[in-house]
Amino acid sequence: MSFVPAMTPPSAADAARRGASAAMIRLRPYQSEVARAVLDSVMHRRGLTFTVEMARQAGKNELSAYLQMVLLLRNAARGGSIVKAAPTFHPQALISIQRILKRLDENGLGRISRLEKGSILHVGRCRAVYLSAHPTANVVGQTADLLLEIDEAQDVSPDKFNRDFRPMAAAQNATTVLYGTAWRGDSLLEHVKAADPTGTADGASEAAGARRHFRFAWQDVARHNPPYGAFVETERQRLGEDHPLFRTQYDLLPLDETTRLFNAGQLAQLRGDHPRQDAPRPGAAYIAGLDLAGAPIAISTPEWGASRAVARDETVLTIGEAVPGAEGGEPQIRVVQHYHWRGEPHAALMDQLADLLKNVWRARRVAVDATGIGEPTAAALRRQMGQAVQPVVFTQQAKSRLGFELLALVNAGRLRLYAHDHSPESTAVLHQTRHAQAEHHANRTMNFYVPEREGHDDFLISLALLAHASAGEGGARRAIGRPRPGGA
């Protein structure tokens with residue numbers, strides 16, 4: 001641990017002097033390096049723009065709180081303003097407010113600070129304003145005299161930043177800091193790094209004599225915090241190095257906007273050598289994923305001559321056997337059977353689905369597509385099977401979680417398809433996994449699908465629902481998806 005010297009205003013109250021000398025916020029060496037560069041730019045009115053990429057939970061929010069405390073105290077007598085924005089006000093900006101208030105209280109500075117309108121923090125004559133950087137947020141009119149901070153900048157629109165936030169620093173040539181992790185190659189962080197003509201590959205800005213770009217991947221953090229390194233090693237084994245969340249949040253490697261969902265290695269991991277099963281094995285445990293066909297759509301073809309309603313996709317039921325892991329480890333999920341129906345109304349399938357799941361395979365859990373017209377079928381199955389049925393409504397966030405769960409299971413070597421038997425079902429699932437695309441959105445969510453030219457994605461979605469159903473096997477479920485906003 002190390003400290004960056006605190007700059008206490010000569011006219012601050014005794015409480016402020018006590019707080020500054022007591023400890024303020026303890027920083028690790030990599031945080032201190034950033035703090036020194038930012039404070040130097042602020043004090044000398046250099047107006048530099050910094051990008052700070054830190055692995056998830058490496059302490060970027062503590063660094064931000066430290067900078068705010070130093071500048072609020074140093075300018076308490078003469079005044080000035082800080083602006084900090086986050087992709088959302090609630091909860092992200094609100095978490096930053098709660099953090100700085102807690103740090104002020106811990107250092108005996110609560111009595112010289114006050115919060116106005118829930119978003120403006122005053123320490124003497126200096127203030128910090130907390131804003132939402134959502135595309136619809138009205139933030140025009142604010143000014144950053146000292147410091148402009150953008151949190152989770154990879155989730156902030158470059159247009160929003162350039163139009164509404166960048167001008168806030170202009171009047172007093174304020175310093176700007178953008179914090180975040182990697183995501184897509186066209187994110188705000190990547191834009192700002194690319195726009196700096198003096199920044200070198202390792203972040204040193206030779207012409208200006210100051211480092212502008214700071215990047216601390218998980219290995220850099222682990223050198224100063226071994227328990228953190230042990231945690232990330234566990235995450236690497238659980239998610240896999242190729243998992244989008246591990247690549248971006250810990251390795252800090254940006255993703256292409258659209259790419260294959262599975263690479264060649266992952267496809268090889270999916271291929272199993274166990275036989276397909278027509279019936280359950282005695283004593284084995286089974287789970288299932290059920291993707292229900294969407295409503296028919298009207299299309300027109302030359303051979304039909306007129307518009308005709310056809311099934312958009314198929315109803316696909318994937319059965320998986322949960323095979324216990326060695327020495328109490330996580331179980332492996334072996335796909336052992338597929339069922340599929342084309343053009344059959346859900347109501348007509350209800351009795352057969354219930355019989356297969358409840359009486360034949362005795363599924364312990366089944367994740368069911370409950371989106372739109374699938375909701376009544378999911379509800380009916382739940383009435384018959386109780387909490388074994390897990391309805392899934394396909395929102396952007398929900399489908400993203402399914403994709404991340406599926407990738408984590410594949411990367412861990414815990415999901416295997418039955419040996420290719422050249423059946424229509426085996427051929428379909430191999431085709432869909434081979435052609436599946438992943439589309440990474442700016443808000444750190446992912447959509448996955450099979451391009452229309454390659455057919456449907458019903459076997460793929462059913463497989464993802466099976467992965468979702470498997471989350472409770474072998475112990476407590478751990479969420480895989482978008483991290484909690486406001487992480488340190």
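Residue numbers count from 1 along this sequence.
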Check the angle between the aromatic planes of W183 and H440 and answer parallel, tilted or perpendicular using the 30° and 60° thresholds.
perpendicular

Trace of the side chain to side chain contact (heavy atoms under 4.5 Å, CB included) decision for V232 with F246:
CA-CA 9 Å; V232 179; F246 191 87; 3.7 Å; yes

Going by side-chain hydrogen bond (donor to acceptor under 3.5 Å, both in side chains), name the residues that satisfy it together with R434, two or more places apart in sequence or in a different chain.
none

Go through the steps to decide whether R238 and R414 satisfy the test side chain to side chain contact (heavy atoms under 4.5 Å, CB included), and finish with yes or no.
CA-CA 10 Å; R238 182 174 71 94; R414 293 183 49 223; over 6 Å; no

Please determine, by modelled atom types, if T371 and D369 share a side-chain donor-acceptor pair under 3.5 angstrom.
yes

Spell out, as yes or no, whether a donor-acceptor pair under 3.5 Å connects the side chain of S41 to the backbone of L48.
yes

4.5 Å side-chain heavy-atom contact, L252 and T181:
yes

Can you tell me if T51 and K193 form a side-chain donor-acceptor pair at under 3.5 Å?
no

Step by step, would you call V368 with L465 a side chain to side chain contact (heavy atoms under 4.5 Å, CB included)?
CA-CA 7 Å; V368 183; L465 287 164; over 6 Å; no

Only counting residues at least two apart or in another chain, list the ones meeting ring pair (Phe, Tyr, Trp, His ring centres under 6.0 Å) with H134.
none

For G240 against N411, the heavy-atom pair lying closest together
CA-CB, 3.8 Å

Inter-residue atom distance L409.CG - Q269.CD, 0.5 Å rounding
10.5 Å

Considering all heavy atoms of both residues, which atom of P244 and which atom of L407 are nearest to each other, and what is their separation?
CD-CD1, 3.5 Å

Heavy atoms, side chains only, cut-off 4.5 Å: are Q432 and L463 in contact?
no

List the steps, then state whether side chain to side chain contact (heavy atoms under 4.5 Å, CB included) holds for Y250 with R236.
CA-CA 9 Å; Y250 295 107; R236 185 172 65 86; over 6 Å; no

Heavy-atom closest pair, residues R365 and Q390:
CD-NE2, 3.2 Å

Q142 and D164: side chain donor to acceptor below 3.5 Å
no

Could you grab the distance from atom CG of L415 to atom CD of Q266, nearest 0.5 Å is fine?
11.5 Å

Measure the shortest side-chain to side-chain distance between R382 and Q387 over non-hydrogen atoms and say whether it is less than 4.5 angstrom.
yes

Please confirm whether the backbone N or O of R46 pairs with a side-chain atom of H44, one donor and one acceptor, at under 3.5 Å?
no

Can you find a side-chain donor-acceptor pair between Q154 and E152 that sits under 3.5 Å?
yes

Under a 3.5 Å distance rule, please check whether N107 uses its side chain to pair with a backbone N or O of L109 as donor and acceptor.
no

Taking all non-hydrogen atoms of both residues, which atom of V389 and which atom of P391 are closest, and how far apart?
O-CD, 3.4 Å

Determine whether the side chains of T445 and S400 contain a donor N or O and an acceptor N or O closer than 3.5 Å.
no

From CD1 (I112) to CG (L73), nearest 0.5 Å
5.5 Å

Which residue, D457, L292, T318, forms the side-chain contact (heavy atoms from CB on, under 4.5 Å) with S462?
T318

Is the ring centre of F165 less than 6.0 Å from the ring centre of F161?
no

Does R211 use its side chain to pair, donor to acceptor, with the backbone of H213 at less than 3.5 Å?
yes

Flag side-chain contact, heavy atom, 4.5 Å: Q68 against R103:
no

Under 3.5 Å, is there a donor on one side chain and an acceptor on the other for Q92 and S96?
no

dist H191:NE2 -> L178:CG (nearest 0.5 Å) comes out at 12.0 Å

Show your reasoning for whether salt bridge (charged side-chain N to carboxylate O under 4.0 Å, His left out) applies to K60 and D151.
CA-CA 9 Å; K60 67 177 177 59; D151 195 17; 2.9 Å; yes

Would you call R99 and E62 a salt bridge, using N to O less than 4.0 angstrom?
yes

Going by distance alone, is a donor N or O of one side chain under 3.5 Å from an acceptor N or O of the other, for T49 and R166?
yes

So, taking the atom named OH in Y179 and the one named CG in L67, what distance separates them when rounded to the nearest 0.5 Å?
4.5 Å

Keeping the roles fixed (side chain from D105, backbone from K102), state whether a donor-acceptor pair exists under 3.5 Å.
no

Any non-hydrogen side-chain atom of L381 less than 4.5 Å from a side-chain atom of V366?
no

Do R163 and K160 have side chains that get closer than 4.5 Å, going by heavy atoms?
yes

Could you walk me through whether E116 and R127 pass the salt bridge (charged side-chain N to carboxylate O under 4.0 Å, His left out) test, one step at a time?
CA-CA 10 Å; E116 177 188 348; R127 69 176 192 165; 5.9 Å; no

How about Y30 and V34: do any of their side-chain heavy atoms sit closer than 4.5 Å?
no

Taking all atoms of both residues into account, what is the closest heavy-atom pair of A412 and Q237, and its distance?
CB-O, 4.3 Å

Between CG of L148 and CG of L131, what distance do you get to the nearest 0.5 Å?
9.5 Å

What one should report as the nearest heavy-atom pair of I100 and I97 is CG2-O, 3.1 Å

Any I120 side-chain heavy atom under 4.5 Å of H122 side chain:
yes

